[in-house]
2 protein chains.
Amino acid sequence: MTTTQGAGSYRIVAMETHDVRFPTSRELDGSDAMNPDPDYSAAYVVLRTDDGYAGHGFAFTIGRGNDVQTGAISALEPYVIGRDAEDLGALYKEMVYDSQLRWLGPEKGVMHMAISAVVNALWDLKAKRAGKPLWLLLAEMTPEEIVELVDFRYLSDALTPDEALQILKNAESGKRERIEHLKSAGYPAYTTSPGWLGYDDDKLRRLCQEALDQGFGQIKLKVGADLADDVRRFTVAREVCGPDYPIAVDANQRWDVASAIEWVTALKPFGPHWVEEPTSPDDVLGHAAIAEGIKPVPVATGEHVQNRVVFKQLLQAGAISYLQIDSARVGGVNENIAILLLAARFGVPVCPHAGGVGLCELVQHLSMFDYVSVTGTMENRVIEYVDHLHEHFTDPVVIENGRYRAPSAPGFSSEMHAESIAAHTYPGGEVWRNT
Amino acid sequence: MTTTQGAGSYRIVAMETHDVRFPTSRELDGSDAMNPDPDYSAAYVVLRTDDGYAGHGFAFTIGRGNDVQTGAISALEPYVIGRDAEDLGALYKEMVYDSQLRWLGPEKGVMHMAISAVVNALWDLKAKRAGKPLWLLLAEMTPEEIVELVDFRYLSDALTPDEALQILKNAESGKRERIEHLKSAGYPAYTTSPGWLGYDDDKLRRLCQEALDQGFGQIKLKVGADLADDVRRFTVAREVCGPDYPIAVDANQRWDVASAIEWVTALKPFGPHWVEEPTSPDDVLGHAAIAEGIKPVPVATGEHVQNRVVFKQLLQAGAISYLQIDSARVGGVNENIAILLLAARFGVPVCPHAGGVGLCELVQHLSMFDYVSVTGTMENRVIEYVDHLHEHFTDPVVIENGRYRAPSAPGFSSEMHAESIAAHTYPGGEVWRNT
């Protein structure tokens, strides 16, 4: 087990950025209570080396402002040009702790998502050079190497480096078998495709049946715009899926504390598997109050949680029963490893957010690493799946019988086809020119 | 009392932005434990109307990334062009709830600071049109008009519109006398000028004496880089200022929970007036644990707190004894009014962060509004003052006997001299061309 395959001597010599947008609002795909008209977008970055490799990464946005996000990525160019991409613990921390850029967060919002995009591109590069899919590259690193990737600042009241090392060491046993199991059986998925608010009941019914037919073990419905609508839609979904099938609901930050408790109480008879993003992603104490108020319905959150410090508190406060990492919002692979370790320390299962553009492609690697090297289990864990826009990626996710197949191609599955980038570049690409 | 003076019929017809940077790192002004080499900067915006008015605003940054911040402000241009600037409650909420831009926060980081800059420019414009300094314009609005400016989403578990209205109504009595008192006596200030980490002991001693001579009732020292240094510097400051003079300390997010408690315990013999930013601004529970661990030393925080939702929790958790608003990080005047009302509800005094470039100029208006219309008192309250860069503003703050004089010129005191903007524009201005 080594991480230096393909390293040799090389330097990153170029950074390209692209403002890539898909006109998804035309079809109401992705519509929810807070995001009625998203145009799924990627602030996309390519890092090229002097020996011919390229690492790809992106921040996901939903349209307007993708130019701002792309500009923030460009501001990181001085950090990577002339560098190799081997010590990603050090390079990640250099970007996070830039003494001037840090003021723009710290560690949140546009500037932090830019770091995420670059860090993920560096990992794509590293995995491609190693000739391995990212999940396997990470799985084969030693516990000591993994701990070096993590920034423990602000975590020590919940997780120390020694405790993290112990979690990883405890998972060493059986690692090889779990790698083989992943390769043969994949990782369980759930689908949000039936549940968008913009769909009518017939479409909901048809998509619920398709989810069952395709072998998904869970679906999710968007809620929070209108309670009567939610009751009707949950009724339809229960009719199709049966009384015991896991159906989660997602309010996308729509409620205050009291209204969350009231609304979820009205949905309790339908047995929601979890309630996702009931309120502001910044409101740790609000999530805790809601969790207490809707017991035993579990609370899930994370896709908009800005960094490990907020996740730490959600865990400390007992506010969440499921932790939903996002691959491209916090500081990339490195910070997500910190979050996986925190979740393991508190015994809370990680069920990633995905969808958008490319988020399924990325996050599968992190759940698979979690399974092999951190928790050793898939029990009570599922990765979100949404069937949008995968055709634009060179190594798209493959879902078989409701499970993610373990990627085998080298890299982080983050590379988009050059033609897709060109056609969807905003505002000059052909998709946008013709509107 | 009316808010429509000077309104007439007009439209905003142009938005200009400027990337303005001051090379302050050359002198170690502003150096602290996390920000060793800031170049104080403004992502600056001017909104021009078809009848000849101009509103000025800015986001404060410390150098690199100011171009990204400026670009984020430009992304808001569609919201203001063609609009009047009278209903600032509605316009503020439109920007915060843009269904696509919101993904870049929500309500945090670069995009939220951009909203802050534009909102503050709109208030500057409104106050100029009304022919009044902003604090007085706000002070003369009715409680009902003030409540309309606030976004109560995510606050209702701590502050409802009715409760906010009651706070404002309770302060109606004596308003006119307080306005007159402000005009004659000003508002108390404290100074951070002696305390930057980059200064040697002789400079510290000299600046402490100057603070006393100038009538300041409090100073603040930066701490957190080296404990022995902090003990030595606190000793020097106590020698000059005497045993009972309020000396606050500011760690600028340097510590984890345990190290904060340990470090502050070592400084306890020197009687710190408050401990500012002991840890991550995102760590509500960490601040609460530190507050408990360093009793009776009070905790202060806020300059990096991203929005009202985090302030709400700091108050709910009893984590802070002083709340430090910043004029240009949260969503401008509107969100700061929400935060002033929250603080009043919890009985926590607001002692604003200032310094940087233009932050003193802006935030004085908010404390003065707090005094006249919200809490009715200056007791236990001070506004930070740092003597940097005021000469670049057309209506600079005036400090007399350690107090801010109430501004009398129309507007938000946010306008920079055109020559200052030109000379410090990055990278083309003469200050930067000659380096």
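Convention: sequence-line order gives letters A, B, ...; per-chain numbering from 1. All values derive from a computational prediction rather than experimental measurement. Note: hydrogens, waters and symmetry copies are ignored here, and every other heavy atom, side chains too, is used.
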Turns out that what part of Phe60(B) lies under 4.5 Å from chain A's heavy atoms comes down to both
Is it true that a side-chain atom of Tyr154(B) and a backbone atom of Gln253(A) form a donor plus acceptor pair closer than 3.5 Å?
yes
Which atoms of Ala317(B) come close to chain A, meaning under 4.5 Å heavy atom to heavy atom: side chain ones, backbone ones, both, or neither?
both
Hey, are the side chains of Val284(A) and Val284(B) touching, using non-hydrogen atoms and a 4.5 Å cut-off?
no
What are the two closest non-hydrogen atoms of Asp256(A) and Ser156(B), and how far apart are they?
OD2-OG, 2.6 Å
Do Arg64(B) and Trp103(A) meet the cation-pi criteria used here (NZ or CZ under 6.0 Å from the six-membered ring centre, within 45° of the axis)?
no
Atom CG in Leu285(B), atom CG in Asp157(A): separation rounded to 0.5 Å?
8.5 Å
For Leu104(A) against Gln69(B), the heavy-atom pair lying closest together
CD2-OE1, 3.8 Å
Using side-chain contact (heavy atoms from CB on, under 4.5 Å) as the criterion, point out the one residue from Thr61(A), Asp37(A), Asn66(A) that pairs with Gln100(B).
Asp37(A)
From His304(A) atom NE2 to Arg102(B) atom CZ, the distance as rounded to the nearest 0.5 Å:
8.0 Å
For chain A, find which of Gln306(B), His112(B), Met113(B) contributes the most heavy-atom pairs closer than 4.5 angstrom.
Gln306(B)
Under a 4.5 Å cut-off applied to non-hydrogen side-chain atoms, are Asp282(B) and Asp282(A) in contact?
no
Please state whether the side chain, the backbone, both or neither of Ala258(B) comes within less than 4.5 Å of a heavy atom of chain A.
neither
Select one option (side chain, backbone, both, neither) describing which atoms of Leu155(A) are under 4.5 Å from chain B's heavy atoms.
backbone
Taken to the nearest 0.5 Å, the spacing of Arg153(A) CZ from Ser259(B) OG works out to 8.5 Å
Which portion of Pro78(A) sits near chain B, non-hydrogen atoms under 4.5 angstrom
neither
Asp67(A) versus chain B, heavy atoms under 4.5 Å apart: side chain, backbone, both or neither?
neither
Return the option, out of Val257(B), Val309(B), Thr279(B), Val310(B), with the maximum number of heavy-atom pairs under 4.5 Å with chain A.
Val309(B)
